[in-house]
Protein chains: 2
Amino acid sequence: MTTSNLPRKKTSMKRRSLHEEISDHLRSMIIEGELPEGERIDESALCEQLEISRTPLREALKVLHSEGLVSIEPNRGARVAVLTPEEFAELFELIGGLERMAAELAASRATDSELKKLAQMQTRLESLYSAGDRHNYFELNQDIHRMIIAMSRNSTLTSLHEQLLMRASRGRYMAIGTEDRWEESVQEHQALLEALQAKDSVKAGEIMLEHVRHTGDCAVNALKLRKAV
Amino acid sequence: MTTSNLPRKKTSMKRRSLHEEISDHLRSMIIEGELPEGERIDESALCEQLEISRTPLREALKVLHSEGLVSIEPNRGARVAVLTPEEFAELFELIGGLERMAAELAASRATDSELKKLAQMQTRLESLYSAGDRHNYFELNQDIHRMIIAMSRNSTLTSLHEQLLMRASRGRYMAIGTEDRWEESVQEHQALLEALQAKDSVKAGEIMLEHVRHTGDCAVNALKLRKAV
DNA sequence: CGTTATAATTATGTATTCCTGATACTGGAT
DNA sequence: ATCCAGTATCAGGAATACATAATTATAACG
């Protein structure tokens, strides 16, 4: 008996509803900037573009709305949510608080292997900095933050953080924020790592809060400048 | 031209979509415990009960899902999300962090009139405590927390907090948490008020964090006991 | 020529229908 | 008696159809 009879395509057993896939698709379209801020979302047009019907699309829009990525005016349709500098600043304030919390928890809950992994990431971060590779630097930078969030061992916090990060990282304003103060950022990450290794919750939290606050301030300024155009 | 032509019935100009009203309705049904944890949500049944069609109901379910109040299994329908003690503990950890953040911000941003109002609420809280009025005590207690959140002047934080509170306050576990340690709670609130009046951000934050942590621990224990039955 | 009112069109909101996957039941074989 | 296969039934997922509000265009009036 051969195994060839078994359907090989069942590698991903996960049944995903259409509206879920559409949510993901639209979400990345918004985050990648393919759908720009304030853009009206024409249901019919999107439907034939994605080759789906309106029902699951509308369900997806509801989901993205409650995630804060889409705004809906009754009887007037949906559009990509516009991020005002004020909202952006609020978001960063929030993210800062969450990341401080995560850093504090991570300091007391992190395993040795996690700390080791984090140290490796930090080393790589520094080499990317030396190499002047801004793009990969930013990616790794976000990964490090995500790693620390995960180390908090609070999945509710983790998913919430991820959601807020999506709202904030639209248009790569955050990237600008970190790139604007490259050297400081590397140093702050180093200090944070040391605090985590020392299991100093308070210090780790403080460093993280200041770090995010600085990044946020730069990003907010970048956003304000762009809006002023 | 007279003004009599203008339709008078437009007192409430807000056009609310059906799915929005249904979301609100279901949300309160879940929070009030009318729909118990784990209960299957039969779409057809609910539709004829609420006298609506399935489309807006399903949209509402998607919204409640992304709020964490409803769980959806593809092709197997929706049910009221069950709150495990672990998730509940995580939620409280999160809420604690958010409320600390809010308290810190409130200490530096609160207006005099807000502080005055808060002091009045505290006075009333103490009288409710003396009178042994547990029900109204709990209500006012929540109002005070909401008030402090609002004083943070961060609307994103405020709405997020409200959402998490809904997830956590199902079944009134939180009420049990505060009632279990009534006297301490009153004192902590008093100390918090004083820190806010002194505009001592750090202290206000610390008190708040400890306060929520204690409340949460009691609530988690209450939940675990109930689950154990 | 501009303004306003009304009609036509378009897009959103809701209902209904169709289809597909899941669960329960029946019957047969071991 | 139990376990498996096959079928029937049912509920959820998606598409289509219908209703209604909003927008635009057009025409009439000042």
Side-chain angles (χ1 to χ4, degrees), chain A residues 1 5-7 9-27 30 35 38-66 69-81, chain B residues 1-27 29-30 35 38-66 69-82:
Chain A
M1 179 218 272
N5 291 349
L6 300 173
K9 51 170 63 171
K10 271 195 185 175
T11 47
S12 80
M13 271 291 293
K14 43 187 59 183
R15 289 234 164 284
R16 289 172 53 76
S17 313
L18 199 43
H19 83 263
E20 235 180 317
E21 296 194 22
I22 299 174
S23 296
D24 292 350
H25 191 102
L26 283 182
R27 197 180 291 115
I30 292 175
L35 286 177
E39 177 102 331
R40 274 233 25 213
I41 298 176
D42 188 318
E43 297 183 358
S44 326
L46 249 182
C47 280
E48 64 180 34
Q49 182 186 330
L50 302 181
E51 296 181 303
I52 49 163
S53 88
R54 281 179 58 213
T55 309
L57 171 61
R58 284 171 61 67
E59 291 177 350
L61 288 176
K62 302 292 175 299
V63 171
L64 297 197
H65 172 62
S66 67
L69 290 174
V70 159
S71 63
I72 295 182
E73 296 164 284
N75 291 319
R76 299 182 68 182
R79 52 182 64 235
V80 179
Chain B
M1 181 215 271
T2 68
T3 58
S4 56
N5 291 348
L6 300 173
R8 227 54 176 96
K9 53 169 60 173
K10 272 192 182 174
T11 46
S12 83
M13 272 291 293
K14 42 187 57 184
R15 289 233 165 284
R16 288 174 54 76
S17 312
L18 199 44
H19 83 263
E20 233 179 319
E21 297 195 20
I22 298 173
S23 295
D24 292 350
H25 192 102
L26 283 182
R27 198 180 290 116
M29 280 179 83
I30 292 175
L35 287 176
E39 177 103 330
R40 274 235 24 214
I41 298 177
D42 188 316
E43 297 183 358
S44 327
L46 248 182
C47 280
E48 63 181 36
Q49 182 186 330
L50 302 182
E51 295 181 304
I52 50 163
S53 89
R54 281 177 60 209
T55 308
L57 170 62
R58 291 178 106 272
E59 291 178 350
L61 288 175
K62 302 293 176 297
V63 172
L64 296 196
H65 171 63
S66 67
L69 291 173
V70 159
S71 64
I72 295 182
E73 297 165 284
N75 290 320
R76 299 181 67 182
R79 51 182 66 235
V80 180
V82 299

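Chain letters run A, B, ... following the sequence lines, proteins first and then strands; every chain starts at 1.
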For [X] and [N], give me the distance from atom [atom1] to atom [atom2], rounded to whole Å.
| X | N | atom1 | atom2 | answer |
| --- | --- | --- | --- | --- |
| A:Arg79 | D:dA22 | CZ | C1' | 13 Å |
| A:His19 | C:dT20 | NE2 | C1' | 17 Å |
| B:Lys62 | D:dG12 | NZ | P | 10 Å |
| A:Glu73 | C:dT12 | CD | C1' | 12 Å |
| A:Ile52 | D:dG13 | CD1 | C1' | 13 Å |
| B:Leu50 | C:dT14 | CG | P | 14 Å |
| B:Leu46 | D:dG12 | CG | P | 10 Å |
| B:Glu48 | C:dT16 | CD | P | 13 Å |

Base, sugar-phosphate or nothing for B:Ile41? Non-hydrogen atoms, less than 4.0 Å.
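Sugar-phosphate contact only.
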
So what does B:Leu57 hit on the nucleic acid, given a heavy-atom distance under 4.0 Å: a base, only sugar-phosphate, or nothing?
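Since no nucleic acid heavy atom lies under 4.0 Å of B:Leu57, the category is nothing.
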
Residue [X], side-chain atoms from C-beta onward, closest of [options]:
| X | options | answer |
| --- | --- | --- |
| A:Ser17 | D:dG12, C:dT16, D:dA14 | D:dA14 |
| B:Arg58 | D:dA15, C:dT14, D:dG13 | D:dG13 |
| A:Asn75 | C:dA11, C:dG13, D:dA14 | C:dG13 |
| B:Arg40 | D:dG12, D:dA14, C:dT14 | D:dG12 |

If you measure from the Lys or Arg side-chain nitrogens to the Asp or Glu carboxylate oxygens, is any gap between B:Arg79 and B:Glu39 under 4.0 Å?
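The answer is no: the pair does not qualify as a salt bridge.
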
Determine, step by step, whether A:Leu61 and A:Leu26 satisfy the side chain to side chain contact (heavy atoms under 4.5 Å, CB included) criterion, reporting the C-alpha distance in whole Å, the side-chain angles of both residues, the deciding distance to 0.1 Å, and the verdict.
CA-CA 8 Å; A:Leu61 288 176; A:Leu26 283 182; 3.9 Å; yes

Return whichever of A:Leu18 or A:Arg54 has its heavy-atom-nearest nucleotide of DNA chain D closer to the 5' end.
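This one resolves to A:Leu18.
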
B:Glu43 or B:Thr55, whichever maps to the more 5' nucleotide of DNA chain D
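The 5'-side residue here is B:Glu43.
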
Non-hydrogen side-chain atoms of A:Lys62 and A:Ile72 separated by less than 4.5 Å:
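Yes, their side chains come closer than 4.5 Å.
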
Would you say a side-chain N or O of B:Arg76 is under 4.0 Å from OP1 or OP2 of C:dG21?
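The answer is no; no side-chain N or O of B:Arg76 sits under 4.0 Å from OP1 or OP2.
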
A:Leu57/A:Ile41 under side chain to side chain contact (heavy atoms under 4.5 Å, CB included): CA gap, chis, key distance, verdict
CA-CA 11 Å; A:Leu57 171 61; A:Ile41 298 176; 5.6 Å; no

Is there a donor-acceptor pair closer than 3.5 Å between any side-chain N or O of B:His65 and the backbone N or O of B:Val70?
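Flag set: sc B:His65 to bb B:Val70 pair under 3.5 Å.
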
